[in-house]
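For reference, the structure discussed in these notes is given below.
We name chains A, B, ... by the order of the sequence lines, and we start the count at 1 in each one. Being a predicted model, the structure only gives us computed values, none of them experimental.
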Amino acid sequence: MTELLVASKKGLFVLEGDPAAGQPFELTSRAFAGEPVEYALRDQRSGRLIAAVTSAFHGPKLWYADDPSGDWDQADGIALPEGGDAALQRIWVIVAGEADGMLYAGGDPGVLFESRDGGVTWELNRALWDHPSRSSWQPGGGGLCLHSIVPWPGEPDKLAVAVSAAGVWLTDDRGASWRRGNAGLIGRYLPEEDQTGSDDLCVHSLQRAPLQPERIFMQFHGGVYRSDDAGESWIEIGSGLPSDFGFPIAVDPADPESVFVIPLNADSDRVSAEGRMCVYESRDAGANWSARGAGLPSEHAYLTVLRQAFCRAGDGAPVELYFGATSGDVFGSGDGGANWFTVADRLAPVHAVTAVH
Amino acid sequence: MARVRVREPLKKLADGQAEHIFDGATVAELLRAFEQTYPALRGWILDERGRIRRHINVFVNGERGTEDTAVTPAALIDVLPAISGG
C-alpha cells in the first residue's frame, strides 16, 4: 500500500492505494480545506506529517500532525528575524535530514530552516541568511525560492541546496558555512557574454542518487545536468529530450544511472511537450533518453507539472513514480514508468506530491 | 483602552474571545500588544517587518487604517480578512 500526499491550491489530499492494481487511489482525507498547501511530507522515521501552508491572509506556516484527519499544530520558529526588511513568503519544500529528528525546510526569500525535534520547532540557518552575497541574489519567476534540499545518506554534515535563481549551495559542516556549486551551468536566458560564469542561475530541481551520493541530477531553466562530484561541477545531459525545459526531476534509489524528467515545451510555453503527457527516462545517467508514456494522455494534453509535483516511492526494483498537474490530475506508475495509471483526477491544482510506500 | 475585534481563525488563537482591550497610540502598537498577550497570534496579522499582512484589512472606527493610524482610547479596531482569493 502506498500513501500519497497531494498538496494543492485548495488543501492537502491524502490518497492510498496499491500501484500494482493500476486503479485510482482512495481519497482518505483532506486537510486545510481551501488553503494553499505548498508541500507535505510524512517523516518515515517518526510517522509525523509536516505540511507547509501559505494562507493568503495570515502568511506561511508549518503544521504537524500524526493523523491528517485530526488536529494539526503550528510549528514554532518559521519566520525571519523581526524588524528587518524582509518577510517570509512561502515554504517550498520539507526534507528529512540524516541526523536523528533532523528536518529541513526551504523557502522564499532563499532561506533554510532546520528542526532538530522532528518538526515541532525550527531555526533559521544563519550562515546562509547572512551570506555576504545575498544582496545580489536574483529571484526567479516563483520568487527567491530555496526549493531543493538534498542530504547525503549517512553524512549529516553534508548538504546541497538550490535557490532559484541563486544557484547551488554546498555545505560540509552541517550548514555552518556555504559555498557555491555552479561550475558548468549555463544560463541561456542571460546575455551571451554572461551565460558562463554567472551566479544568476535558475535551478529548478535537484535530486541525489542515494547509492552514489556524489551524483546529483538537476533540472535547470533550460538544460538537464548531472554532477559526479557532489555538486561542485555539472555536465549537460539533456540531449535527446524533446525539450530540456521542465521543473521536477526524479531518480531511482536502486540505480544511480537512472533519472526521470517531465519535459515541458519551453519557458514560454510551460505545458507537456508536443501536446502529450510523457515522462522521459534515462538508464545511463543521461546519455540516452526514452519516452515513458504508456497510460498517460497521448494527444491534446497540455498539462503543467510544477517542480515539487513529481516523486518516487519505495526502494526501487521497480521504483514507484507519481506526479500531479495543475489540471488536478495525478498519475502513477508501479513499474518504474513503464506503465501509468490515473491515481486521481479533478483535484485542485497540484503543487506537490510526496509518497510513502 | 481601545477595543480590538477579530474573527476566526484569529479568535481561536486569542483564547476564543472576539473582543479585546489594549493600550496603544497607533494600530501597530495595539497589534503588538495583542501579539504579546496571545503569542500564538505572532505572524498572523503583522509580518516580520511589522507590516500588516497584504490581505488583512484593519479598520479604525470603520475607516481603513494602516500601521501608523492613530487610535484613541475609545477607538474600535476591526481586524478582518480582505476580500481576496482565487
Counting only heavy atoms from other residues, nucleotides and ligands, does the tally under 6.0 Å from CZ of A:Arg270 exceed 12?
yes
For B:Glu8, does the CD atom have more than 12 heavy-atom neighbours from other residues, nucleotides or ligands under 6.0 Å away?
yes
Evaluate the side chain to side chain contact (heavy atoms under 4.5 Å, CB included) criterion for residues B:Ile56 and A:His58: first the C-alpha distance (whole Å), next the side-chain angles of each, then the deciding distance (0.1 Å), finally the verdict.
CA-CA 8 Å; B:Ile56 292 287; A:His58 304 296; 3.5 Å; yes
Say you draw a straight line from CZ of B:Arg49 to CG of A:Leu88; how long is it, rounded to the nearest 0.5 Å?
10.5 Å
Measure the acute angle between the ring planes of A:Phe57 and B:His55, then classify it against the limits of 30° and 60° as parallel, tilted or perpendicular.
perpendicular
Tell me if the CD atom of A:Glu123 is crowded by more than 12 foreign heavy atoms within 6.0 Å.
no
Could you look at B:Leu46 and say if it's the side chain, the backbone, both or neither that has a heavy atom under 4.5 Å from chain A?
neither
Drop me the distance from A:Gln89's CD to B:Arg54's CZ, to the nearest 0.5 angstrom.
9.5 Å
Atom group of A:Pro36 that falls short of 4.5 Å from chain B, counting heavy atoms
neither
Heavy-atom pairs under 4.5 Å with chain B: which of A:Ser55, A:Gly59, A:Pro60, A:Ala87 has the most?
A:Ala87
Do other residues, nucleotides or ligands put more than 12 heavy atoms under 6.0 Å from the CG atom of A:Asp130?
yes
